[in-house]
Amino acid sequence: MALFEQRALASVPDFAFTDTNREQISALVETLEGIPLALELAAVRLRAVPLDHLTARIEQRFGILTGVRRAVPARHQTLRMAIDWSYELCTERERLLWARLSVFTGAFELASAEQVCADSSLPAGDVLNVLSCLVDKSVVYREGTGTTRYRMLDTLRAYGAERLAEHERDGKTHERHFLLYQEMGERLWDQLLTDKQIELHRSFRREITDIRTALQYAFTTPGRAAQGLWLAAQLAPYWRATGTQSEGRYWIDQGLQAVPHDCAARAWGLLMAGVLAGWSGDLRNAPLHFTQAWEAAVRCDETRVQLLAAPNLGTMRVLRGEVDEGLAEWERGYQRLVETDDLLGLAVTRSEGALLKAALGDSAGALAWCQANLERLEDTGERQLYATTLAVQGIILWLEGRVDESVPALRRALEAVSDIGDVLVAALACLGLAWDAASKRRYVQAAWLLGYAQSARKLGSDPIGMLPSLLDHQDAVTAAVRAALGAAEFEHWHRHGAHMSGDEILQAVRADTDEPPRPPADLSSRADERATSLTPREREVASLVAGGLSNREIAAELVISKRTVDTHVEHILAKLHVASRGDISQPLEADRAAQRGEPC
């Protein structure tokens with residue numbers, strides 16, 4: 001009753017809860033079984049009808065529940081009837097927009113709604129007015145204040161999806177939804193090396209839920225699979241920045257299975273599968289993907305894939321021990337990039353190849369490559385590869401003993417990538433800074449820097465795992481810090497660093513502090529970040545998955561569609577960075593332990 005009063009006041013400011021209407025409100029709440037969403041939908045109706053009329057209408061309508069669909073729990077029937085009732089009270093155009101907005105899995109902007117939901121029956125210029133009506137009726141919610149992003153509750157979205165499936169057989173709304181995110185992928189690819197890169201990365205972080213939905217649509221819709229594969233491949237910079245290479249490889253693998261024939265999209269998909277495998281330190285699969293990319297590109301005459309695959313093939317041969325042959329192939333590939341002046345290919349090859357050059361003993365050549373890259377990228381506004389180059393430069397300078405030059409480069413790398421949040425760059429920079437801290441006997445600082453760097457590597461970004469000489473150095477530094485602090489103290493600060501965000505790391509590095517700003521005592525109450533990144537609904541679904549329920553059983557339990565549950569489970573696996581449903585329980589349990597104040 002208190003909830004209904006609160007929502008009624010939001011709808012009708014002069015609404016009053018009195019002794020006279022208490023009985024009516026009690027009857028209304030009882031009829032709707034206290035279900036919050038049903039109460040909110042009812043409260044909105046007070047704008048149109050007085051309370052006594054509203055109560056009478058609801059009692060009349062919901063009285064028919066007796067004996068209907070006995071196999072379905074009563075609360076489920078009540079909620080369904082409440083949504084049916086709200087839907088029928090909408091105008092025809094409001095119903096149409098409600099159904100079409102259901103294709104958005106996450107929050108959306110007005111411009112996106114206009115692009116996806118408008119056609120001759122609902123012109124783009126009218127979408128705002130109709131959307132405003134749905135907001136007034138609590139079907140759609142506006143996120144926060146001062147924003148043009150909107151969201152629909154999962155239950156209402158699932159209902160809208162059912163209505164859309166009933167009335168739209170051609171799938172045009174789903175197609176427009178996919179095309180919206182296809183265009184975003186094209187912009188990321190075309191403007192990757194410009195000053196628009198930062199905002200594009202931010203957009204993808206905001207829109208990733210719907211991008212997943214768009215990819216799923218492409219791989220299950222005839223004629224769209226190749227476009228979906230190309231979109232998944234174009235997202236490689238995003239997959240790397242967020243440390244979600246495993247998710248990127250999942251989507252690309254889905255696309256490769258759906259597109260078995262030679263074409264440009266398949267060649268690019270194979271190439272980016274190799275790139276993501278390489279960034280993850282997967283030397284078993286990366287060479288195979290690069291070889292297949294080269295072969296597919298030759299057969300379909302995709303010249304640029306051939307250009308980009310060649311130096312990668314050389315790198316893989318070097319890492320497998322074929323040093324002389326690999327270096328020769330690598331050099332030939334690099335020269336072809338120089339001849340064509342392929343800026344992306346050159347920037348990637350120089351930034352990542354410089355570390356390999358240094359590991360093979362050519363530090364002077366490696367530093368020359370870094371300098372050339374920095375000069376070329378400086379004025380473009382690009383920051384992901386620029387920061388990568390700075391981090392690599394800092395590591396090489398450290399190994400050369402030029403500490404006074406190394407540390408500023410590593411700090412600049414963190415600053416340069418701060419707006420993108422590339423975990424590979426942050427991990428590499430923090431490794432170098434940890435080495436420096438250990439050499440200066442600042443062991444606490446070294447411990448939390450190592451904790452952050454090694455945690456970031458576990459997300460799928462392994463900047464040193466491919467180079468045994470650097471890995472040996474890393475292990476030696478870790479052992480020295482552990483010995484200096486003692487096992488318990490080391491684990492405390494190492495775990496502290498593992499729970500810090502990229503922004504917290506940046507602030508701590510800027511302050512050059514030994515102990516990060518957040519007191520160590522707070523660590524025990526901080527939940528596992530992987531689990532706390534879940535939305536409340538995702539946490540609810542994850543708990544049911546961990547309890548052994550199938551997606552269909554979860555859908556029945558939560559009164560949502562199985563398709564919605566399928567989407568939630570995909571998001572949960574990606575956010576928790578786990579491969580299977582059976583792996584979900586561990587991070588959830590760590591989260592609960594942290595909330596109880598128990599050691600993880």
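Both backbone and side-chain heavy atoms feed into the values below; hydrogens, waters and symmetry mates do not. Being a predicted model, the structure only gives us computed values, none of them experimental.
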If we ignore angles and hydrogens, is there a donor and acceptor under 3.5 Å between the side chains of [X] and [Y]?
X	Y	answer
S351	T388	no
E109	T148	no
R249	S246	no
E405	W398	no

Legend entry - Evaluation steps, side chain to side chain donor-acceptor pair (under 3.5 Å), between Q454 and H494: CA-CA 9 Å; Q454 292 171 355; H494 190 274; 2.7 Å; yes
Inset, instruction - Look at the aromatic rings of W268 and W189 and report parallel, tilted or perpendicular, splitting at 30° and 60°. - result: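 Aromatic pair W268/W189 classed perpendicular.
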Inset, instruction - Taking the side chain as every heavy atom from C-beta outward, state whether L308 and F290 have any atom pair closer than 4.5 Å. - result: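 They are not in side-chain contact.
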Inset, instruction - State, with a plain yes or no, whether a side-chain heavy atom of D195 is found less than 4.5 Å away from one of E382. - result: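 The answer is no; the side chains never approach within 4.5 Å.
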Legend entry - Sub-6.0 Å ring centroid separation between Y238 and H201: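 Not close enough - the centres of the two rings lie 6.0 Å or further apart.
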Legend entry - Aromatic contact, Y334 with W369 (centres under 6.0 Å):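 Yes, the ring of Y334 comes within the 6.0 Å limit of the ring of W369, centre to centre.
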Inset, instruction - Show your working on side chain to side chain contact (heavy atoms under 4.5 Å, CB included) between R336 and L307 and close with a plain yes or no. - result: CA-CA 7 Å; R336 284 195 290 270; L307 281 173; 3.7 Å; yes
Legend entry - Short N-O contact, R411 and D512, less than 4.0 angstrom: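 Yes.
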Inset, instruction - May I ask you to decide whether E207 forms a salt bridge with R187, counting only side-chain N to carboxylate O separations under 4.0 Å? - result: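 R187 and E207: not salt-bridged.
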